[in-house]
Visitor: 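Here you go, one structure.
Chain letters run A, B, ... following the sequence lines, proteins first, then strands; residues in each count from 1. Just so you know, these numbers come straight off a predicted model, no measurement behind them.
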Number of protein chains: 2
Amino acid sequence: MQQLALTPSFLGVKIDMGEKNLYTRCMNNKKTIGDLMHAHGLKKTPIRTGMLELFMAHDFALSASDIVAKMTAGHDKVTIYRALNSFEEHGILHRASEDGHGIKYAMCSSHCPDEPHTDKHAHFVCDVCHQTYCLEDVEVPEVEVSNEFSVSRANYTLCGICKKCKN
Amino acid sequence: MQQLALTPSFLGVKIDMGEKNLYTRCMNNKKTIGDLMHAHGLKKTPIRTGMLELFMAHDFALSASDIVAKMTAGHDKVTIYRALNSFEEHGILHRASEDGHGIKYAMCSSHCPDEPHTDKHAHFVCDVCHQTYCLEDVEVPEVEVSNEFSVSRANYTLCGICKKCKN
DNA sequence: CAATAAATGCAACATAGTTGCGTTTGTTTA
DNA sequence: TAAACAAACGCAACTATGTTGCATTTATTG
Ligand SMILES: [Mn+2]
Ligand SMILES: [Mn+2]
Ligand SMILES: [Zn+2]
Ligand SMILES: [Zn+2]
């Protein structure tokens, strides 16, 4: 079970190997990165291998441009985008936040503070019409978070089909 | 207290006046749109008045391009963006979702489905370094939502300062 | 090694949002 | 009511993010 397939010498990608536990994400059922791709009917190419190694070597989420920047061997961003889409379609990567179709604004209520703020209610984004509704009566629930993080705002967004698009 | 300042004849903006209750958002403390802007030290200009009328006439959030499209008198998008920023700074509008600095991806765990999915855990986005962390052990809390909406996914994002940036 | 489908690279494009700068306009105050 | 001033506007140019079409290359299978 040689796990050395993971040695990130590839492509000149510099990877800090400090956080071993990240490996468990894909290694804990005896899968190498290559096995993982093959299991999904994807080809094991240098770029895609390098990308997945990058993901395993970081404890935070990466954007397309993060990856373009970290891969030294000047690859085309189109390739990166297509690989990310493919990984997402196969459930190898998940997106760590809804992208949204641009920023949307809504009217504040009279008890809002006179400064930029996130409101205390949840929002709903329709997958069909992409409209965003303020759910004024749905409070954002609170959660317990490790005190490594100082939380100042919370955002709760539901997705699905809106009242208009259900018909 | 003539509220006719609200008649949205302005700029040829077409507004459906069906939903009176939306007016309460800024009218319930005897403020007209003009008063609202003046109270914040903003000038009452035709464009900004038209924009706020648009917001009051819709029960969903609007993007900059929504507004550009709905204002018939071809205004520059830069003006719209600057007005939105200004309204947000003054707590007149709030954004209905974090924009995020592009989509971020993270590795799925082994029990994720082999298809696109939103994960069941919360995420944390740092205001300083903009890094996104998966809070694998923080479950997204469930909420009760009006059955006008069919909810298929939920997104819970916390914002603040991350462990690295606290130092 | 040959066949095939997946992956890549390039060019061109689309959308969202920003910055600088000169001009116009709303509000205040004399 | 005219001048003064800051806020708001419009234009041009620019950055960032993401997409599409098409020709070429490469990984896998047999
Ligand atoms: Mn809202
Ligand atoms: Mn996650
Ligand atoms: Zn809808
Ligand atoms: Zn940070």
Visitor: Rounded to the nearest angstrom, tell me the gap between atom NE2 in B:His75 and atom P in C:dT24.
Guide: 17 Å
Visitor: Please state whether the phosphate of C:dG9, meaning OP1 or OP2, lies under 4.0 angstrom from any side-chain nitrogen or oxygen of A:Thr79.
Guide: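 Indeed, a polar side-chain atom of A:Thr79 lies that close.
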Visitor: Identify whether any heavy atom of A:Ser63 sits under 4.0 Å from a base atom; if not, whether one sits that close to sugar-phosphate; answer base, sugar-phosphate or nothing.
Guide: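 No contact.
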Visitor: Between B:Val68 and B:Leu54, is there shared hydrophobic-cluster membership here, with clusters defined by ILVMFWY side-chain heavy atoms closer than 4.5 Å?
Guide: yes
Visitor: NE2 of B:His38 versus C1' of C:dT27: gap in Å, rounded?
Guide: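 That distance rounds to 8 Å.
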Visitor: Classify the side-chain pair A:His40/A:His38 by whether it contains a donor and acceptor separated by less than 3.5 Å.
Guide: no
Visitor: Which nucleotide in the set D:dT17, C:dC10, D:dC9 lies at the smallest distance from any side-chain heavy atom of A:Tyr81?
Guide: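 Nucleotide nearest to A:Tyr81's side chain: D:dT17.
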Visitor: How many Å lie between CD1 on B:Ile80 and P on D:dC11, as a whole number?
Guide: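 Rounding to the nearest Å, CD1 of B:Ile80 and P of D:dC11 are 13 Å apart.
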Visitor: Can you tell me which nucleotide in D:dA12, D:dT19, C:dG17 comes closest to the side chain of B:Val78?
Guide: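 Minimum distance to the B:Val78 side chain belongs to D:dA12.
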Visitor: Of the listed nucleotides (D:dG18, D:dA27, D:dA6), which one gets closest to any side-chain atom of A:Lys43?
Guide: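 The nucleotide sitting nearest to the side chain is D:dA27.
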Visitor: Could you give the CE-to-C1' distance, from A:Met51 to C:dA7, as a whole number of Å?
Guide: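 The answer, rounded to whole Å, is 12 Å.
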Visitor: Give A:Arg48 one of three labels, base, sugar-phosphate or nothing, depending on what nucleic acid heavy atoms sit under 4.0 Å from its own.
Guide: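 Answer is sugar-phosphate: A:Arg48 comes under 4.0 Å of backbone atoms only.
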Visitor: Base of C:dG17, side chain of B:Arg95 - is there a donor-acceptor contact under 3.5 Å?
Guide: no
Visitor: Where the side chain of B:Thr45 is defined as all heavy atoms beyond and including C-beta, which of C:dG26, D:dG10, D:dT28 is the nearest nucleotide?
Guide: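 Of C:dG26, D:dG10, D:dT28, C:dG26 is nearest to the side chain of B:Thr45.
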Visitor: Measure across B:Tyr105 and A:Phe55 and return the closest heavy-atom pair with its distance rounded to 0.1 Å.
Guide: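 Looking at all heavy atoms of both residues, the closest pair is O-CE2, 3.0 Å.
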Visitor: Write down the distance between NE2 (B:His90) and C1' (D:dA7), rounded to a whole number of angstrom.
Guide: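 Result: 11 Å.
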Visitor: Would you indicate which nucleotide in C:dT27, C:dA16, C:dG9 comes nearest to any side-chain atom of B:Lys44?
Guide: C:dT27
Visitor: B:Ile103 has an atom CD1; how far is it from atom P of D:dA16, in whole Å?
Guide: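 Taking CD1 of B:Ile103 and P of D:dA16, I get 17 Å after rounding.
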Visitor: Does B:Leu42 or A:Ala64 map to a spot on DNA chain D nearer the 5' end, using the closest nucleotide for each?
Guide: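 Of the two residues, B:Leu42 wins.
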Visitor: Measure the acute angle between the ring planes of B:His123 and A:His94, then classify it against the limits of 30° and 60° as parallel, tilted or perpendicular.
Guide: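 Correct class here is tilted.
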Visitor: Tell me: CD of A:Glu89 to C1' of D:dT19, nearest whole Å?
Guide: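 Roughly 14 Å, once rounded to whole Å.
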Visitor: Quick one: does A:Arg82 reach the base of C:dG9 with a side-chain donor-acceptor pair under 3.5 Å?
Guide: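 Such a pair exists between side chain and base.
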Visitor: In whole angstroms, how far is the C1' atom of D:dC11 from the CD1 atom of B:Ile47?
Guide: 13 Å
Visitor: Between A:Phe124 and B:Phe149, what is the ring plane arrangement, given parallel below 30°, perpendicular above 60°, and tilted in between?
Guide: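 Ring orientation of A:Phe124 relative to B:Phe149: tilted.
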Visitor: Given C:dG17, D:dG10, C:dC10, which nucleotide is nearest the side-chain atoms of A:Asp76?
Guide: C:dC10
Visitor: Closest heavy-atom contact between B:Ser86 and B:Leu42?
Guide: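 The answer is OG-CD2, 3.5 Å.
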Visitor: When the nearest nucleotide of DNA chain D is assigned to B:Lys77 and to B:Gly102 on a heavy-atom basis, which residue is associated with the more 5' position?
Guide: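 Final value for this comparison: B:Lys77.
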